[in-house]
Amino acid sequence: MLAYLNLDNLHDSEAFAEDSLNAVQLFSTPIATLIRELQSREAMEKAALTDSLTGLYNRRAFDRRLKEECERAARYQYPLTLLVVDLKNFKPINDRLGHVMGDQALMAVARALSQTQRAGDMVFRWGGDEFAVLLPQTPKEVAGVVGARILEAISKICLGGVCLSANIGYASFPAEAQTAEALLQLADQRMYADKNGTSPKTSTDGLEG
């Protein structure tokens, strides 16, 4: 059943003559067709923006929402922080335990990120073993607490004797970057600096300041 159309008259039981009912029936099929098309379109759009493995938003959704959230943050003058999360020890799971276990690891990370996110936060599978988290109305000081919670949750995921961890880079709009592109570039640079050991602080400390 796609929809339910109810016609009623509480005062006259003969208010709707047979020709009126026939007219309604003529409208019912095209209305049902339109509703079905809308539902199919919504389902296709959702599928296009969702990562099939983890159920998180995908890179396409991230690119769209990053721009939209930066515009919204600028309009209403509140901070927006982006976290870029790159998994550590994921390759050994793939190489030693196989891609099936690798997929399970990614799904476990997706669950951990979803369970730690606050109302209004947005979690994305950015690509491969990288994830991104958008934190609207969140300054970098608070992002440090969120990042530490994410790191703790990921560190509890172990498969076949291999425990995951993560490098996390962050950037805040508009305090540190004034465009969506600059925000992503800065967060990505900080993630790689932490990954390569060139950051002067650890992942969690870097998130705090």
Side-chain angles (χ1 to χ4, degrees), residues 38-39 41-88 90 106-154 164 166-195 199 201 203-209:
L38 288 173
Q39 291 177 335
R41 190 178 305 169
E42 290 175 358
M44 290 177 63
E45 183 172 355
K46 182 178 180 180
L49 299 175
T50 302
D51 177 61
S52 58
L53 177 64
T54 63
L56 299 177
Y57 289 123
N58 60 18
R59 179 62 182 268
R60 180 181 178 185
F62 171 79
D63 292 339
R64 177 185 299 184
R65 293 306 297 268
L66 177 64
K67 181 179 179 181
E68 292 175 351
E69 290 302 322
C70 283
E71 292 174 350
R72 188 174 289 110
R75 184 181 309 119
Y76 296 107
Q77 298 185 341
Y78 60 71
L80 169 71
T81 299
L82 167 65
L83 304 183
V84 174
V85 181
D86 181 74
L87 297 183
K88 293 169 63 175
F90 176 72
L106 292 174
M107 290 187 287
V109 171
R111 287 193 298 271
L113 292 174
S114 298
Q115 290 168 358
T116 57
Q117 76 178 108
R118 309 162 304 164
D121 293 349
M122 288 159 277
V123 181
F124 307 82
R125 185 184 178 192
W126 197 34
D129 60 348
E130 291 185 327
F131 297 80
V133 184
L134 278 174
L135 309 175
Q137 302 187 45
T138 304
K140 61 181 181 179
E141 296 80 9
V142 178
V145 178
V146 177
R149 189 162 59 242
I150 288 173
L151 188 60
E152 180 182 6
I154 292 176
L164 295 175
N167 296 108
I168 303 178
Y170 84 103
S172 294
F173 175 95
E176 300 179 306
Q178 286 71 53
T179 66
E181 293 78 9
L183 186 69
L184 175 58
Q185 183 178 19
L186 182 57
D188 201 35
Q189 287 175 349
R190 287 177 171 172
M191 184 275 291
Y192 275 103
D194 184 52
K195 184 175 182 178
S199 174
K201 299 181 180 181
S203 297
T204 305
D205 291 338
L207 282 165
E208 292 173 346

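Listed here is the closest heavy atom pair of A171 and A187: CB-N, 3.7 Å. P139 approaches S172 most closely through the heavy-atom pair C-OG, 4.3 Å. Closest approach of S114 to L56, counting heavy atoms only: OG-CD2, 3.6 Å. Residues A48 and R60 come closest through the heavy atom pair CB-NH1, 3.4 Å. For V133 against L135, the heavy-atom pair with the smallest separation is CG1-CD2, 3.6 Å. Closest approach of L49 to A61, counting heavy atoms only: O-CB, 3.5 Å.
Taking CG of L134 as the reference point, atom CD of Q117 lies at 11.0 Å (rounded to 0.5 Å). The line from CD of E71 to CG of L80 is 11.5 Å long, rounded to the nearest 0.5 Å. Distance CG/D121 to CD1/I150: 8.0 Å, rounded to 0.5 Å. Separation of atoms CG (L66) and CZ (F173) is listed at 9.5 Å; rounding is to 0.5 Å. Taken to the nearest 0.5 Å, the CG atom of D129 stands 7.0 Å off from the CG atom of L106.
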Full working for side chain to side chain contact (heavy atoms under 4.5 Å, CB included) between I168 and D194: CA-CA 7 Å; I168 303 178; D194 184 52; 5.7 Å; no
Step-by-step side chain to side chain contact (heavy atoms under 4.5 Å, CB included) determination, T179 to C70: CA-CA 7 Å; T179 66; C70 283; over 6 Å; no
Chi angles and distances behind the salt bridge (Lys or Arg N to Asp or Glu O under 4.0 Å) call for R149, E152: CA-CA 5 Å; R149 189 162 59 242; E152 180 182 6; over 6 Å; no
Verdict with supporting geometry, L184 and W126, side chain to side chain contact (heavy atoms under 4.5 Å, CB included): CA-CA 11 Å; L184 175 58; W126 197 34; 3.5 Å; yes
Criterion side chain to side chain contact (heavy atoms under 4.5 Å, CB included) on F62 and L82, from CA distance to verdict: CA-CA 11 Å; F62 171 79; L82 167 65; 3.8 Å; yes
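Counted within 6.0 Å of CZ on R118, heavy atoms from surrounding residues, nucleotides or ligands total more than 12; the atom is thus considered enclosed.
With hydrogens and angles disregarded, no donor-acceptor distance shorter than 3.5 Å links the side chain of T138 to the backbone of T81.
Between D63 and K67 no salt bridge is recorded (no basic side-chain N to carboxylate O distance below 4.0 Å).
You'll find the side chain of I154 reaches within 4.5 Å of the side chain of V85, heavy atoms only. When side chains are defined from C-beta on, P136 counts as touching M122, because their heavy atoms get closer than 4.5 Å. Residues L87 and F131 have side chains in contact (heavy-atom distance under 4.5 Å, counting atoms from C-beta outward).
For the side-chain contact (heavy atoms from CB on, under 4.5 Å) criterion with R125, the lone passing option out of N58, V109, L53, L113 is L53.
Classification of the F124-Y57 ring pair by plane angle, with boundaries at 30° and 60°, yields tilted.
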